[in-house]
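For reference, the structure discussed in these notes is given below.
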Number of protein chains: 2
Amino acid sequence: MMDLTRKGEYAIRGIVYLAARQSDQVCLLSDIAAAVDVPQTFLAKIFQQFSKIGLVRSYRGTGGGFVLGRPPEKITLLEVVEAVEGPIIPNRCVTGEGECSRTSSCNVHPVWVKVQTQVKDILEKVTLKDLAGL
Amino acid sequence: MMDLTRKGEYAIRGIVYLAARQSDQVCLLSDIAAAVDVPQTFLAKIFQQFSKIGLVRSYRGTGGGFVLGRPPEKITLLEVVEAVEGPIIPNRCVTGEGECSRTSSCNVHPVWVKVQTQVKDILEKVTLKDLAGL
DNA sequence: CCCAAAAAGACTATTTATGTCCTGTTTAGT
DNA sequence: ACTAAACAGGACATAAATAGTCTTTTTGGG
């Protein structure tokens with residue numbers, strides 16, 4: 001339970017590597033992939049997701065590549081993880097979509113809410129600056 | 001991320017139902033399954049796992065069924081969840097099997113340890129007594 | 001012996017995870 | 001304009017995990 005998938009692991013490795021570079025230096029995907037030991041095509045998908053929500057900025061064409069979308073201290077681990085793994089939901093109940101039809105008698109519900117809150121809280125306090133050792 | 005599977009959900013429902021019964025009353029699997037709306041054959045597998053580690057006690061043959069293995073206040077939600085979902089491991093690193101070959105530079109590692117500790121802590125403090133509303 | 005009930009193992013279907021591949025689009029440089 | 005470099009996006013492939021089902025065996029009671 002609670003495990004990060006490979007995608008999430010790769011995502012962290014990749015963006016932490018990028019965060020450790022100079023902010024004005026455009027990084028090639030191929031370089032990042034080689035450096036963090038992740039299949040390039042797979043990492044491409046991950047960085048596309050990052051790009052869509054602005055965690056990274058991409059430049060196409062010759063001389064293109066990726067740079068961090070914001071300063072490393074402004075990007076949290078929570079954002080990175082949720083970008084590729086989806087929201088942190090320990091149980092379907094927590095989605096609030098009324099799926100927990102037995103809510104009235106469901107004493108478990110508040111426990112999951114607590115778990116969710118705690119985990120998000122931890123991940124939110126860690127930034128790429130911390131992770132990149134800056 | 002962090003989601004409980006159906007198996008885990010069913011497991012909780014089933015054992016909470018059992019906890020809410022009289023402790024001397026042997027419950028039929030078929031009754032439990034019907035009450036908590038879970039396929040009986042699937043629930044059977046789950047209760048077998050419970051039985052192996054003593055969370056429930058089973059009686060075979062006529063008049064058989066299940067009873068809780070210990071008083072409800074002595075069984076934690078953590079035990080129930082880990083019984084069917086496996087240990088709570090937010091990242092492979094935490095297993096301590098030396099899989100995190102990049103440990104030296106891995107600032108992410110301690111974060112996962114913290115997550116693991118926090119979550120286990122929350123789930124450990126909730127007992128079946130609480131969940132069954134006793 | 002016969003029946004009721006759980007245990008155990010084999011089997012199946014669906015979904016998710018983990019990638020790969022191909023084609024398109026953008027951009028820099030000549 | 002042409003070409004090569006580099007990301008974008010969609011379709012596809014394979015393997016593993018999830019979510020069950022089915023059948024047979026074991027056990028206990030009457």
Side-chain angles (χ1 to χ4, degrees), chain A residues 1-15 18 25-69 81 83-87 89 91-92, chain B residues 1-15 18 25-34 36-69 81 83-87 89-92:
Chain A
M1 193 204 175
M2 317 268 311
D3 55 321
L4 204 64
T5 64
R6 254 172 226 227
K7 190 175 177 186
E9 203 179 314
Y10 293 169
I12 296 171
R13 282 201 228 157
I15 203 168
L18 189 60
Q25 185 185 344
V26 176
C27 278
L28 287 181
L29 184 67
S30 54
D31 289 346
I32 304 172
V36 301
D37 192 32
V38 170
Q40 184 181 333
T41 53
F42 199 13
L43 194 64
K45 300 296 184 191
I46 293 167
F47 270 62
Q48 273 173 39
Q49 291 186 262
F50 284 159
S51 181
K52 272 180 196 160
I53 58 172
L55 289 189
V56 304
R57 188 169 303 148
S58 73
Y59 298 98
R60 303 176 28 158
T62 309
F66 293 92
V67 293
L68 221 52
V81 170
V84 297
E85 301 271 19
I89 298 170
N91 187 277
R92 294 170 185 79
Chain B
M1 193 204 176
M2 315 269 310
D3 54 324
L4 203 64
T5 64
R6 244 163 237 233
K7 190 175 176 185
E9 204 179 314
Y10 293 169
I12 296 171
R13 281 202 230 157
I15 203 167
L18 189 60
Q25 185 185 343
V26 176
C27 278
L28 286 181
L29 183 66
S30 54
D31 289 347
I32 304 171
V36 301
D37 192 31
V38 170
Q40 184 181 332
T41 53
F42 199 14
L43 194 63
K45 299 296 184 191
I46 293 168
F47 269 64
Q48 275 172 38
Q49 290 186 263
F50 284 159
S51 179
K52 273 180 196 159
I53 59 173
L55 289 189
V56 303
R57 188 169 302 148
S58 73
Y59 297 98
R60 294 159 58 144
T62 310
F66 293 92
V67 292
L68 222 53
V81 170
V84 296
E85 301 270 20
I89 298 171
N91 185 279
R92 293 171 186 78

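Residue numbering restarts at 1 for every chain, and letters A, B, ... go by the order of the sequence lines. All values reported here derive from a predicted model rather than from experimental measurement.
Of the possible polar contacts, none joining the Gln40(A) side chain to the Ala33(A) backbone as a donor-acceptor pair under 3.5 Å is found.
Here the shortest heavy-atom pairing between Ile32(B) and Gly14(B) reads CG2-O, 3.9 Å. The shortest heavy-atom contact between Val67(B) and Tyr59(B) is CG2-CE1, 3.8 Å. Closest of all the heavy-atom pairs between Gly63(A) and Val26(A) is O-CG1, 4.2 Å.
Interatomic distance, Phe66(B) CZ to Cys27(B) SG, rounded to the nearest 0.5 Å: 10.0 Å. Going from atom CD of Gln49(B) over to atom CG of Leu55(B) covers 10.5 Å, rounded to the nearest 0.5 Å. With rounding to the nearest 0.5 Å, the separation of CD in Glu85(A) from CG in Asp3(A) is 8.5 Å. Distance check: Leu43(B) CG to Arg13(B) CZ gives 10.0 Å after rounding to the nearest 0.5 Å.
Proximity of residues 54-69 of chain B to DNA chain D (heavy atom under 4.0 angstrom from any strand atom) is restricted to Arg60(B), Gly61(B), Thr62(B).
Protein chain A contacts DNA chain C from dT18(C) to dA28(C), reading 5' to 3' and using non-hydrogen atoms of the protein with a distance under 4.0 Å.
Rounded to an integer number of Å, the gap from CD of Gln25(A) to P of dA6(D) is 14 Å. Separating the CD atom of Gln48(B) from the C1' atom of dT24(D) is a distance of 13 Å, rounded to the nearest angstrom. In this structure, Ile46(A) places its CD1 atom 13 Å from P of dA8(D), rounding to the nearest Å. The distance from atom CD of Glu85(B) to atom P of dT18(D) is 8 Å, rounded to the nearest whole Å. One can place CG of Asp3(B) at 14 Å from C1' of dA19(D), the figure rounded to the nearest angstrom.
Contact annotation for Ser51(B): backbone-only contact, meaning every heavy-atom pair under 4.0 Å involves sugar-phosphate atoms and none involves a base. In this structure, Lys45(B) reaches the bases: a heavy-atom distance under 4.0 Å links it to at least one base atom across the strands shown.
Ile15(B) has its side chain within reach of Leu68(B): a pair of non-hydrogen atoms, C-beta onward, lies under 4.5 Å apart.
Residue Thr41(B) has no polar side-chain atom (N or O) positioned under 4.0 Å from OP1 or OP2 of dC22(D). At the phosphate of dG20(D), OP1 or OP2 sits under 4.0 Å from a side-chain N or O atom of Tyr10(B).
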